[in-house]
Amino acid sequence: MWKNLGPIVALYPTPTVIVGMIDEYEKVNWINIAHIGIIGNDSILLSVHKNHFSNEIIKDKLAVSVNIITEDMLEAADFVGIVSGRKVDKSNIFDYTIGIRNVPMINISPIVMECEVTDNYETKEHNQYILKIRHTHIKSEVLDSEGNINYDILKPILFEMPTKSYYKLGEKVGKCWKLGENFSK
């Protein structure tokens with residue numbers, strides 16, 4: 001039996017990332033974002049509530065880093081999501097390196113994407129930034145023998161909105177474009 005919950009988004013959990021940027025005063029700012037999506041092989045969408053201080057910086061600088069987080073980063077990652085850069089200096093929360101595109105990259109993050117903002121679709125409460133990935137930096141310890149990301153090792157943190165909980169990625173359950181080869185009805 002189906003139960004209608006109304007118009008809720010039922011696509012959680014989604015990856016949790018820390019987005020890094022440098023403001024007009026050359027100060028680093030971080031924000032925890034879980035409303036992120038893939039929109040092609042080279043672009044992602046980042047949805048940021050308009051009341052966040054980070055919106056001003058993103059609109060001005062048009063460049064951010066997207067840092068994948070792991071369990072050992074979770075407490076600091078959650079902190080940068082619950083305090084505002086308007087009130088708290090978050091520049092010293094993570095050790096970082098400045099990337100090729102002048103964005104801060106978290107040193108302990110296993111994967112960092114340096115991105116350029118190419119478009120912004122505004123809704124009433126959010127900015128949907130279209131980010132073109134310009135550089136992707138990956139730590140070798142999360143790569144398999146063929147150079148692909150091994151998610152069993154990486155175990156990125158996921159966010160689920162209805163219960164406001166974090167999860168680790170679970171176990172692999174099958175191989176895409178292989179499982180269906182023997183399907184018959």
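Residues Ala77 and Ile69 come closest through the heavy atom pair CB-CD1, 3.6 Å. The nearest pair of heavy atoms linking Ala63 to Val103 is C-CG1, 3.6 Å. Minimum heavy-atom separation, Gly81 to Asn32: CA-CB, 3.6 Å. In terms of heavy atoms, Lys50 sits closest to Thr123 at NZ-O, 2.9 Å. Of all heavy-atom pairs between Asp152 and Lys172, the closest is OD1-N, 4.0 Å. Of all non-hydrogen atoms in Ile93 and Ala76, the two that sit nearest each other are CG2-CB, 3.9 Å.
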Evaluation steps, side chain to side chain contact (heavy atoms under 4.5 Å, CB included), between Asn150 and Leu143 = CA-CA 5 Å; Asn150 183 331; Leu143 297 176; over 6 Å; no
Derivation of the side chain to side chain contact (heavy atoms under 4.5 Å, CB included) call for Leu158 and Thr14 = CA-CA 5 Å; Leu158 307 175; Thr14 56; over 6 Å; no
Under the side chain to side chain contact (heavy atoms under 4.5 Å, CB included) criterion, do Ile106 and Ile108 qualify, and how do the steps go?
-> CA-CA 6 Å; Ile106 299 173; Ile108 63 171; 3.9 Å; yes
Start with the C-alpha gap between Glu181 and Lys175, add the side-chain angles, then the distance that decides, and say whether salt bridge (charged side-chain N to carboxylate O under 4.0 Å, His left out) holds.
-> CA-CA 11 Å; Glu181 288 178 355; Lys175 198 84 164 108; over 6 Å; no
How far apart are the C-alpha atoms of Val66 and Val112, what are their side-chain angles, what is the distance that settles it, and do they pass the side chain to side chain contact (heavy atoms under 4.5 Å, CB included) test?
-> CA-CA 6 Å; Val66 176; Val112 181; over 6 Å; no
Begin from the C-alpha positions of Lys168 and Glu71 and carry the test salt bridge (charged side-chain N to carboxylate O under 4.0 Å, His left out) through to its verdict.
-> CA-CA 8 Å; Lys168 279 193 291 193; Glu71 190 172 12; 3.1 Å; yes
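Using bins of under 30°, 30° to 60° and over 60° for the plane-to-plane angle, the ring pair His35/Phe159 lands in the perpendicular bin.
Note that the NE2 atom of His52 and the CZ atom of Arg86 stand 9.5 Å from one another [nearest 0.5 Å]. Atom-to-atom distance recorded for Tyr12:OH and Ser165:OG is 12.5 Å, nearest 0.5 angstrom. The distance from the CD atom of Glu122 to the CG atom of Asp119 is 10.5 Å, given to the nearest 0.5 Å. In this structure, OG1 on Thr70 lies 12.5 Å from CG on Leu169, to the nearest 0.5 angstrom. The line from OG of Ser84 to NZ of Lys90 is 6.0 Å long, rounded to the nearest 0.5 Å. Between atom OH of residue Tyr167 and atom CD1 of residue Ile157 there is a gap of 12.0 Å, rounded to the nearest 0.5 Å.
Cluster membership check: Val17 shares its hydrophobic cluster with Ile153, using side-chain heavy-atom separations under 4.5 Å among Ile, Leu, Val, Met, Phe, Trp and Tyr. With hydrophobic clusters built from ILVMFWY side chains whose heavy atoms lie under 4.5 angstrom apart, Leu74 shares a cluster with Trp30. Connection of Val142 to Tyr151 is established within a shared hydrophobic cluster, with ILVMFWY side chains joined at heavy-atom distances below 4.5 Å, either directly or through further cluster members.
No hydrogens or angles considered: nothing links the side chains of Tyr96 and Asn67 as a donor-acceptor pair under 3.5 Å. Counting only N and O atoms by type, the side chains of Ser54 and Asn29 include a donor and acceptor under 3.5 Å apart. His137 and Glu114 are linked by a side-chain donor-acceptor pair at a separation below 3.5 angstrom, with hydrogens and angles left out of the test. In this model, a donor atom of one side chain and an acceptor atom of the other lie less than 3.5 Å apart for Asn55 and Asn127.
Every residue meeting the side chain to side chain contact (heavy atoms under 4.5 Å, CB included) condition with Asp42, not counting sequence neighbours, appears here in chain and number order: Lys132.
Using a 4.5 Å heavy-atom cutoff, the side chains of Met113 and Met105 are not in contact. Between Ile149 and Asp144, the closest side-chain pair of non-hydrogen atoms is not below 4.5 Å. For the pair Phe53 and Ile31, the minimum side-chain heavy-atom distance is 4.5 Å or more. Taking the side chain as every heavy atom from C-beta outward, Ser109 and Ile18 never approach each other to under 4.5 Å. Taking 4.5 Å as the limit, some side-chain heavy atom of Leu154 sits within range of a side-chain heavy atom of Ile111. No side-chain heavy atom of Ile130 sits less than 4.5 Å from a side-chain heavy atom of Val117. Counting only heavy atoms from C-beta outward, the side chains of Lys27 and Asp89 approach each other to under 4.5 Å. A 4.5 Å side-chain heavy-atom check between Ile33 and Val48 finds at least one atom pair inside the cut-off.
Side-chain atoms of Thr118 never come within 3.5 Å of backbone atoms of Leu131 as a donor-acceptor pair (strictly under, hydrogens ignored). Under a 3.5 Å cut-off, the side chain of Glu160 and the backbone N or O of Thr163 do form a donor-acceptor pair.
Other residues, nucleotides and ligands place no more than 12 heavy atoms under 6.0 Å from the CG atom of Asp95. Atom CG of Leu179 sits in a crowded spot, with more than 12 heavy atoms from other residues, nucleotides or ligands closer than 6.0 Å.
Between Lys61 and Glu116, none of the side-chain N atoms (NZ, or NE/NH1/NH2) sits under 4.0 Å from a carboxylate O, so this pair counts as no salt bridge.
Every pair passing ring pair (Phe, Tyr, Trp, His ring centres under 6.0 Å) that includes a residue from residues 107-132 is listed here, sequence neighbours excluded: His49-His126.
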